[in-house]
Every structure is written in C-alpha cells, then in structure tokens.
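Notes for the one structure printed next.
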Amino acid sequence: MQCELGITLTVLAAFMKVAMSEMSIFLFSAVEVGTEMLEIDCHLTKDGHVVVSHDENLLRQTGQDVNISSLNLEELPPYREILEVTFKTGHFSTGSDRNIALLEDVFHKFPHIAVNIEVKENNSMLIEKISDLVKKYNREAMSVWASVDSTIMENCRKTNSSMPYMFTVKRALKLLLLYYTGLLPFVPLGESFLQFYLPQIINREYIPEMWILRSRLVIFLIERLTLRKGMFKHLRDRGIQIHLFVCNEEQDIEAAFAAGATGVMTDYPTLLSNDIRRRTQDT
C-alpha cells in the first residue's frame, strides 16, 4: 500500500480532515477523495515567511541539520526523495513536489478547505503572521488553532479569538476530571475539537519518545480512561468534534469510529475514503 506523501488525512463521519506533514502534489488527490480539513504544522523562516513543516529542524525531512528559523525562504532545502512515514514505521513515501510550502500557498490553493494549524513554539511573531494570513483570506470561521501547550494556546487565542481551538493537554486532563466526577455537564467549554492519538497505535505504528509511553500498562490505562463513549457522546451533543489519529490500518479506523470519534486521521487518504464509502453504503 503506497503512502500518499505528506498527507495525514482525517476523514470525519460527515466531515473529512487531513493533516499534512509535508506539502506535495498528493495533497490534491487527498482533497479529491473528499477531504474537508487539512491539519498542518507551521514555522517561521528567518526572513519572516510562514511555512508548512512538521519539524522545525530539517534533518529528518531534508538530510540537512538546520532549523527553519535560521534560513531565509529561498535557502530552505528540498525534502528527501524518499521519506519514512512517521506513523507507519518501516514504510516510505515518495513524491515529485519536494518544496517546503508556504501557508499562504495552502490558503490560496484550497480556499474552501478548513485548516487545523498546529503551533509548536511560543513565537508571537509566528502566531501574529498566521493570524494575519487567516484574516487576509477570510478564513477565521474555517481555521483552527491547535497546540498541546496551554501557554502557546493562550497566546494564539489572545492574538485571534475568533478562530475555534482544540483542547490542550492541560485542558484535556481537566476534561477527564470533570467527566469522572460527574461535573462535566455543568461546566462551560470553549473548545471545538478534542484531538489525540488512538492509544492502540502507540508502540505499534508509532514509537513515542517518552519512555513512560512505551509501557503496555500505561497505554492500557490511557485507553481505558480516554476512549469513553459516554464522554464522546456528551462532547458531540455540545458540538465538539473528536478526532483520533493516526490510523493507517483498517482495524484502527474501525476502532476509532467504534469508540465514537467523529474524525479519523491517516496517512492513507484513499484507504480512509474507501472505508467511509463502505460505511455510507451500509447505512
């Protein structure tokens, strides 16, 4: 099964979401099979351009041990001809478009596709430039602030409070506490998205850096605590989307939807779109 380079596609029940780690021509194919949202990571070049890249350091992606922030736009090296799929160890992808994309290019080429923008560093200039581009292309209703860090998210929301946003790790832990104490129905929630790894892919498709997550017992406990149909239903009833990732096998797609997720992220858009098509035909 060939990975469609750089596309991490999330298909939702009636809404499709794609996460893009490396820009490529296959992005167009992902959109053609029904993608309605792109999930991307953004960084800032030395000369102030917002670019789409999973990593700030380009060693893994390009073979050159340099940071995006230390280079001007025209100095950015191309992606490797062959890249390992991050969430499918031992599998590789290729593509003819090896250039690092500008966020503005994504907005320009896909004006009607929602974008989930992950910010991994508390860089006020980066956040402001992302916000400026969102406003320039009138995308505030269809662009999402994403970050696992509460400090970064606070800065994002302070810069542009009109954009919907996801739960950070800290807020997600509070969400679990509220759910298990029975207080969740009585507490207002500002978030529009809950996004996290499907626990069963950890240490099988994805090897985490944190040693504690390499424990089977820890992953078992995380699965038991987080994949709660009652909590997911409550969130859905409040208009909050639940996205589980990164599901590169049919069994994982099935498990995510069975748990009550509204969205599934994958590196294989066609696999996921075919699964959605089968589900539609069966209902």
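This structure is a prediction, so every number in the text was calculated from the model and none was measured. Values below: every heavy atom of this structure, side chains too, minus hydrogens, waters and symmetry copies.
For Ser192 and Gln241, the side-chain atoms include no donor-acceptor pair closer than 3.5 Å. In this model, no donor atom of one side chain and acceptor atom of the other lie less than 3.5 Å apart for Asn160 and Glu128. Remark: the Glu118 side chain and the Ser147 side chain contain no N/O donor-acceptor pair separated by less than 3.5 Å.
Lys120 places none of its side-chain heavy atoms less than 4.5 Å from the side chain of Asp149. Considering only heavy atoms from C-beta on, Val50 comes within 4.5 Å of Leu133 through its side chain. With contacts defined as side-chain heavy-atom distances shorter than 4.5 Å, the pair Ser143/Met163 qualifies. Side chains of Val66 and Leu71 form a contact here, defined as non-hydrogen atoms less than 4.5 Å apart. Counting only heavy atoms from C-beta outward, the side chains of Gln64 and Leu59 never approach each other to under 4.5 Å. Side-chain atoms of Val52 and Asp105, non-hydrogen and from C-beta on, never get closer than 4.5 Å to each other. A 4.5 Å side-chain heavy-atom check between Asp41 and Ser53 finds every atom pair outside the cut-off. With a 4.5 Å cut-off on side-chain heavy atoms, Phe245 and Ile201 do not count as touching.
Scanning all heavy atoms of the two residues, the minimum distance from Ile222 to Pro199 falls at CG2-CG, 4.2 Å. Nearest heavy-atom pair across Pro111 and Arg139 is O-NH1, 3.4 Å. The shortest non-hydrogen separation linking Arg238 to Val187 is NH2-O, 2.6 Å. Minimum interatomic distance between Glu205 and Glu249 (heavy atoms only, all atoms of both residues): OE2-CG, 3.3 Å. Nearest heavy-atom pair across Ile68 and Asp55 is CD1-O, 3.4 Å. When all heavy atoms are compared, the tightest approach of Pro77 to Ile100 is O-CD1, 3.8 Å.
Of the inter-residue distances, the one linking Asp252 atom CG with Met265 atom CE reads 13.5 Å to the nearest 0.5 angstrom. The structure places CD1 of Ile127 at 13.0 Å from NZ of Lys129, a figure rounded to the nearest 0.5 Å. In this structure, CG in Asn248 is found 8.0 Å from CD1 in Ile253, a value given to the nearest 0.5 Å. Atom OG1 of residue Thr181 and atom CZ of residue Phe186 lie 10.0 Å apart, to the nearest 0.5 angstrom. Interatomic distance, CG of Leu235 versus CG of Leu184, reported as 6.0 Å (0.5 Å rounding). Taking NE2 of His234 as the reference point, atom CD1 of Ile242 lies at 10.5 Å (rounded to 0.5 Å).
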Decide side chain to side chain contact (heavy atoms under 4.5 Å, CB included) for Leu126 and Val119; before the verdict, give the C-alpha distance in whole Å, the side-chain angles of both, and the deciding distance to 0.1 Å.
CA-CA 8 Å; Leu126 169 63; Val119 182; 4.2 Å; yes
Show your working on side chain to side chain contact (heavy atoms under 4.5 Å, CB included) between Trp145 and Met166 and close with a plain yes or no.
CA-CA 7 Å; Trp145 284 127; Met166 62 168 276; over 6 Å; no
Apply side chain to side chain donor-acceptor pair (under 3.5 Å) to residues Ser124 and Asn155 and explain how you reach the verdict.
CA-CA 7 Å; Ser124 295; Asn155 196 356; 3.2 Å; yes
Take Gln195 and Asn116, measure what side chain to side chain contact (heavy atoms under 4.5 Å, CB included) needs, and give me the verdict at the end.
CA-CA 11 Å; Gln195 303 171 338; Asn116 192 88; 3.2 Å; yes
When you look at Leu198 and Glu223, which way does the side chain to side chain contact (heavy atoms under 4.5 Å, CB included) test go after all the steps?
CA-CA 8 Å; Leu198 178 70; Glu223 181 176 350; over 6 Å; no
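The backbone N or O of Ser150 sits nowhere less than 3.5 Å from a side-chain atom of Arg171 that would complete a donor-acceptor pair. Side-chain atoms of Arg214 never come within 3.5 Å of backbone atoms of Asn203 as a donor-acceptor pair (strictly under, hydrogens ignored). Although no hydrogens or angles enter the test, the distance criterion places a donor-acceptor pair under 3.5 Å between the side chain of Asn123 and the main chain of Met125. Judged by distance alone, with hydrogens and angles left aside, the side-chain atoms of Tyr180 form a donor-acceptor pair with the main-chain N or O of Leu225 at under 3.5 Å.
With respect to His43, the side-chain hydrogen bond (donor to acceptor under 3.5 Å, both in side chains) criterion is satisfied by exactly one of His54, Glu121, His49: Glu121.
Residues Leu217 and Ile212 are members of separate hydrophobic clusters, defined by side-chain heavy-atom contacts under 4.5 angstrom among Ile, Leu, Val, Met, Phe, Trp and Tyr. Neither Tyr206 nor Val148 shares a network with the other; the hydrophobic side chains, linked directly or stepwise wherever heavy atoms of I, L, V, M, F, W or Y lie under 4.5 Å apart, form separate groups for each. Cluster membership check: Ile202 does not share its hydrophobic cluster with Ile207, using side-chain heavy-atom separations under 4.5 Å among Ile, Leu, Val, Met, Phe, Trp and Tyr. Linking Ile, Leu, Val, Met, Phe, Trp and Tyr whenever their side-chain heavy atoms come within less than 4.5 Å leaves Met231 and Val169 in two separate clusters. Linking ILVMFWY side-chain heavy atoms closer than 4.5 Å, directly or via other members, places Met142 and Ile240 in two distinct hydrophobic clusters.
Counting heavy-atom neighbours within 6.0 Å of Ile82 CD1, excluding the residue itself, gives a total of 12 or less. More than 12 heavy atoms of other residues, nucleotides or ligands sit less than 6.0 Å from atom CZ of Arg236. Counting non-hydrogen atoms of other residues, nucleotides and ligands closer than 6.0 Å to CZ of Phe220 gives a total of 12 or fewer.
Note: Phe193 and Phe167 fail the aromatic proximity criterion, with ring centroids not under 6.0 Å apart.
Scored by the ring-ring contact (aromatic ring centres under 6.0 Å, His included) test, Phe196 finds no partners at all (sequence neighbours excluded).
The existence of a salt bridge linking Asp132 and Lys136 is excluded, since no basic side-chain nitrogen approaches an acidic carboxylate oxygen closer than 4.0 Å.
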